[in-house]
Amino acid sequence: QVQPVESGGGSVQAGGSLKLSCAASGSAYCMAWFRQVPGKEREGVAAIYRLVGRTYYSDSVKGRFVISEDNASNTVSLQMMSLQPEDTAMYYCATDKSPPCGSWDDTLDPNEYDDWGQGTQVTVSS
């Protein structure tokens, strides 16, 4: 089991931007970002199909977040823009080693992802 490593979290004011990075060793069919606040379920944010670069976003972040990959360094980034207080959460990177990305019904089904990072905190103040 190979654990992804996240970086780039921090604090920002509403309307600001942050960029998260995830370094994964080994191969993965799909990589994704999730977020979680205490007392709530883990929420899928964005996913990217490795090699083909196809992306998928949750409705809550579509148009504000961009997921991208750097195959040379085997990293996936999440550029977050127009951040709002409701984006405050612990953000986790996860890898899915085999198709489909997530489940056939839900690309961001956390139960279908194999390896998880420790998380990086993002705090957005109003």
Side-chain angles (χ1 to χ4, degrees):
Q1 187 172 356
V2 180
Q3 189 175 40
V5 178
E6 304 99 336
S7 62
S11 298
V12 65
Q13 290 192 328
S17 300
L18 278 175
K19 185 175 183 178
L20 307 181
S21 293
C22 174
S25 55
S27 63
Y29 180 76
C30 178
M31 293 180 70
W33 288 94
F34 294 80
R35 64 187 182 187
Q36 189 170 24
V37 297
K40 292 191 176 181
E41 291 186 354
R42 192 163 292 190
E43 174 193 13
V45 174
I48 187 164
Y49 292 72
R50 304 303 304 279
L51 301 180
V52 297
R54 179 182 170 189
T55 58
Y56 180 86
Y57 299 92
S58 67
D59 288 341
S60 61
V61 306
K62 196 174 296 182
R64 299 188 299 123
F65 291 12
V66 177
I67 188 170
S68 60
E69 61 180 341
D70 182 341
N71 289 323
S73 59
N74 204 23
T75 59
V76 169
S77 298
L78 184 69
Q79 178 68 53
M80 305 183 294
M81 299 167 284
S82 300
L83 284 162
Q84 299 302 315
E86 52 265 34
D87 295 314
T88 295
M90 185 71 78
Y91 282 70
Y92 298 90
C93 177
T95 60
D96 189 344
K97 297 177 181 177
S98 59
C101 200
S103 69
W104 292 112
D105 296 328
D106 184 1
T107 299
L108 293 170
D109 182 351
N111 297 312
E112 298 297 325
Y113 283 78
D114 302 300
D115 300 315
W116 292 81
Q118 294 288 338
T120 185
Q121 178 68 36
V122 171
T123 302
V124 185
S125 58
S126 57

For the student: nearest non-hydrogen atoms of Arg64 and Gln84, plus distance: NH1-N, 4.1 Å
Could you tell me if Ser60 and Glu86 have a donor-acceptor pair between their side chains, going purely by distance under 3.5 Å? no
Output for pair (Asp115 CG, Met31 CE), nearest 0.5 Å, gives 10.0 Å
Quick check: closest heavy atoms across Ala32 and Leu108, and the distance to 0.1 Å? CB-CD2, 4.0 Å
If hydrophobic clusters are built by linking Ile, Leu, Val, Met, Phe, Trp and Tyr wherever their side-chain heavy atoms come under 4.5 Å apart, do Tyr56 and Leu78 end up in the same one? no
Nearest non-hydrogen partners of Gly119 and Tyr92, listed with the distance: CA-CD2, 3.6 Å
Identify each donor-acceptor pair in which a side-chain atom of residues 10-22 lies under 3.5 Å from a protein atom, sequence neighbours left out, and give them as a table.
none

By side chain to side chain contact (heavy atoms under 4.5 Å, CB included), which residues pair with Asp70, not counting sequence neighbours? Ala72, Ser73, Thr75
Report the relative orientation of the aromatic rings in Tyr91 and Phe65; use parallel for angles under 30°, tilted for 30 to 60°, perpendicular for over 60°. tilted
Any Arg35 side-chain heavy atom under 4.5 Å of Thr88 side chain: no
Is Cys101 close to Arg54 at the side-chain level, that is, under 4.5 Å between some pair of heavy atoms? no
I need the Asp109 CG to Trp104 CH2 distance, nearest 0.5 Å. 13.5 Å
Do you know which two heavy atoms are closest between Pro85 and Ser126, and how far apart they sit? CG-CB, 3.9 Å
Same apolar cluster: Val52 and Tyr29, side chain cutoff 4.5 Å: yes
When rounded to the nearest 0.5 angstrom, what is the spacing between OG1 in Thr95 and CD in Gln3? 10.0 Å
Heavy atoms of Tyr57 and Ala46 approach each other most closely as CD2-CB, 3.6 Å
Could you tell me if the side chain of Asn74 sits less than 4.5 Å from the side chain of Arg50, heavy atoms only? yes
Non-neighbouring partners of Tyr113 that pass ring pair (Phe, Tyr, Trp, His ring centres under 6.0 Å), sequence neighbours left out: Phe34
Any side-chain heavy-atom pair from Met80 and Val61 closer than 4.5 angstrom? no
Check: Trp33 and Glu6 side chains under 4.5 Å, non-hydrogen atoms: yes
Taking the side chain as C-beta and beyond, is there a heavy-atom pair between Glu69 and Leu51 under 4.5 Å? no
Is it the case that atom CD in Gln118 sees more than 12 heavy atoms from other parts of the structure closer than 6.0 Å? no
Which heavy atom of Val66 sits nearest a heavy atom of Met81, and at what distance? CG2-CE, 3.9 Å
